[in-house]
2 protein chains.
Amino acid sequence: MPTRPDRRDPLPLWAQVQRDITARIQRGEFDDVFPGELHLVEEYAVSRHTVREALRALRADGLLDAGRGRPTRVAPAPITATQGVLYSLFSAAEDAGHTQRSIVLALDARADGVIARRLGLEESTPLVHLERLRLLDDAPLALDRVWLPARIAAPLLEADFTRTSLYAELDARCGVRLTGGHEQVRAVIAREREQRLLELPVDPADPAGRASVALLHLERVGELRGQPIEWRQTVIRGDRFALDTDLSSPDRITARPVGGSPR
Amino acid sequence: MPTRPDRRDPLPLWAQVQRDITARIQRGEFDDVFPGELHLVEEYAVSRHTVREALRALRADGLLDAGRGRPTRVAPAPITATQGVLYSLFSAAEDAGHTQRSIVLALDARADGVIARRLGLEESTPLVHLERLRLLDDAPLALDRVWLPARIAAPLLEADFTRTSLYAELDARCGVRLTGGHEQVRAVIAREREQRLLELPVDPADPAGRASVALLHLERVGELRGQPIEWRQTVIRGDRFALDTDLSSPDRITARPVGGSPR
DNA sequence: GTCCATTTGTTCGTATGTATT
DNA sequence: TAATACATACGAACAAATGGA
């Protein structure tokens, strides 16, 4: 069910073909086999050169996996695609030989109008809610809250999140792997509950008992084929966490646990 | 003086043409004008398609700047190698139409044993020290301190940093462009001086007058051919700044100014 | 400001090479 | 080995944008 390109469309033919193939990939139309170039030439009624131009763009976007002599296939959703800062942090901790553990503070199904709307759902839609205190070498590192639609994530309610990761369980129990999303990192002051749970040191010169370390506030929206299905909020102790950028390879950033305050 | 491609070479013709053009660019042969596609067709005795394939690769590598209707040109050497989060922030602000300005709080030469040692220098080595309050649309955004060896950076003492960037001046006045380095981002609580300079809002429930927003603390070491020559420390208002990651293109991170607190 | 020559971008057609299954 | 599919390469024509006359 291809949509043929239209010469009156200001977009070049190859870009129209690219757009249509992208849509078909996202509909899962090519999960079994991807058609050959000549087949696409007939479907779209354009020249092979035009088809190849579209396929070139799709490969550049990482949607296709092609090679000489073998059939092209839809590239499997890379697991790396949905890692981000949070994954980077806990994976770096693992590599450095730290032990990780979580205390599950909440795991239930509930309705939350605010979160549901952020996920583009009805306010009354039931959501699975998971709240964990994440420990690094048995010391509190982060407070992690995540919401997912119960329709998809209900099987998670029986999982034990003391050791395993959310995304591993989501894959194993729900058969779902995120395909995209975005993360945002900001700095915030700890609230009282966070201060208590994260065992933040208190400034002795401050009679009100304010914490002497700040938090990194990570907000994440995970998507499945363009639909947001995860809303996550994590606060991390600022004295135990850093983002690193190597300027020789710009745009690369890694997160890692650190000790002490930077000043 | 082109080297014609050879069919016995296992490399595709377009790749041979690409290789030769790259060499010619590096010899400075095209600093004035870059030849048109048809001219290259004659020089290399290949089809226009082959030439275009080579040019496509060269553009992808960022060596050429081409566009419909205008002559292709050799792309100027990119400054991008040493940008990082800070550059990303101020460049994003520029793109979004914000105005940027700095108040220079200090610009002098001094010795600082701690910093000097971090740069691998003798403790008594004179350093150029620049401290700026950076304003975004005339509102304080960041407090920025940087130290460089005076041997290299002495000409900066006569620069006006109200509008121009450090790296532009470093290039223009000292003939130096950083070749590498690394940045680290953490979250910290504002000190009193920072609180005052950045005009941080104060928590009304806190009698001690603690600020109600946290800071992102950015530490940067810039290198010139492997030697650290810049040590920089910037604190940024956490309510006006965010790091964004698009999970579809992992490792890419951008910084941008934002409004309000995330919660 | 308009027109025109130049230059790159797009699109068609065709043929052959080469790696994989 | 043979069939298949992508990669490379040639040729030709028109479209669209630019920049200068």
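- Residue Thr50(B) has a polar side-chain atom (N or O) positioned under 4.0 Å from OP1 or OP2 of dC10(D).
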N/O donor-acceptor pairs under 3.5 Å from side chains in residues 25-35 of chain B, not counting sequence neighbours:
unit_1	atom_1	unit_2	atom_2	d
Arg27(B)	NH2	Glu29(B)	OE1	3.2
Glu29(B)	OE2	Arg24(B)	NE	2.9
Glu29(B)	OE2	Arg24(B)	NH2	2.9

Q) For Asp20(A) and Tyr44(A), what are the C-alpha separation, side-chain angles and deciding distance, and is it a side chain to side chain contact (heavy atoms under 4.5 Å, CB included)? A) CA-CA 10 Å; Asp20(A) 192 62; Tyr44(A) 288 106; 2.6 Å; yes

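- Surrounding CZ of Arg151(B) are at most 12 heavy atoms belonging to other residues, nucleotides or ligands under 6.0 Å away.
- The CG-P distance, from Leu11(B) to dG17(C), rounds to 18 Å in whole Å.
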ask   = Checking side chain to side chain contact (heavy atoms under 4.5 Å, CB included) for the pair Val51(B)/Val46(B): CA distance, chi angles, key distance, verdict?
value = CA-CA 7 Å; Val51(B) 165; Val46(B) 294; 3.7 Å; yes

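- Annotation: Arg225(A), atom CZ; neighbour count of heavy atoms from other residues, nucleotides and ligands within 6.0 Å does not exceed 12.
- Per the geometry, NE2 belonging to His39(B) stands 14 Å off C1' belonging to dT7(C), to the nearest Å.
- Note: CG (Leu64(B)) to C1' (dT7(C)) measures 14 Å, nearest angstrom.
- Glu37(A) has its CD atom 15 Å from the C1' atom of dG13(C), to the nearest Å.
- Looking at heavy-atom distances under 4.0 Å, Arg73(B) makes no contact with the nucleic acid at all.
- In this entry the distance linking CG of Asp65(B) with P of dT7(C) reads 16 Å, nearest Å.
- Within the 3.5 Å criterion, the main-chain N or O of Asp144(A) finds no donor-acceptor partner in the side chain of Arg134(A).
- Residue Arg56(A) is out of contact with every strand shown, counting any heavy-atom pair closer than 4.0 Å.
- Atom CZ of Arg48(A) and atom CG of Leu38(A) lie 5.5 Å apart (nearest 0.5 Å).
- Proximity of Arg52(B) to the phosphate of dC10(D): no side-chain N or O atom is located under 4.0 Å from OP1 or OP2.
- The side chain of Thr72(A) places no N or O atom within less than 4.0 Å of a non-bridging phosphate oxygen (OP1 or OP2) of dA5(D).
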A correct 5'-to-3' footprint of nucleotides 11-21 of chain D, with B, S and - meaning base, sugar-phosphate only and no protein heavy atom under 4.0 Å, is S-B--BBB---

Tabulate atom names and distances for all N/O pairs under 3.5 angstrom spanning the protein and nucleotides 1-3 of chain C.
none

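- Between the CG atom of Leu55(B) and the P atom of dT8(D) there is a distance of 16 Å, given to the nearest Å.
- With contacts defined as side-chain heavy-atom distances shorter than 4.5 Å, the pair Leu119(A)/Leu127(A) qualifies.
- In this structure, the CG atom of Leu38(B) is 11 Å from the P atom of dT6(C), given to the nearest Å.
- Checked for salt-bridge contact, Glu219(B) and Arg232(B) miss the test: no charged N lies under 4.0 Å from a carboxylate O.
- In this entry the distance linking CZ of Arg59(A) with P of dA5(D) reads 16 Å, nearest Å.
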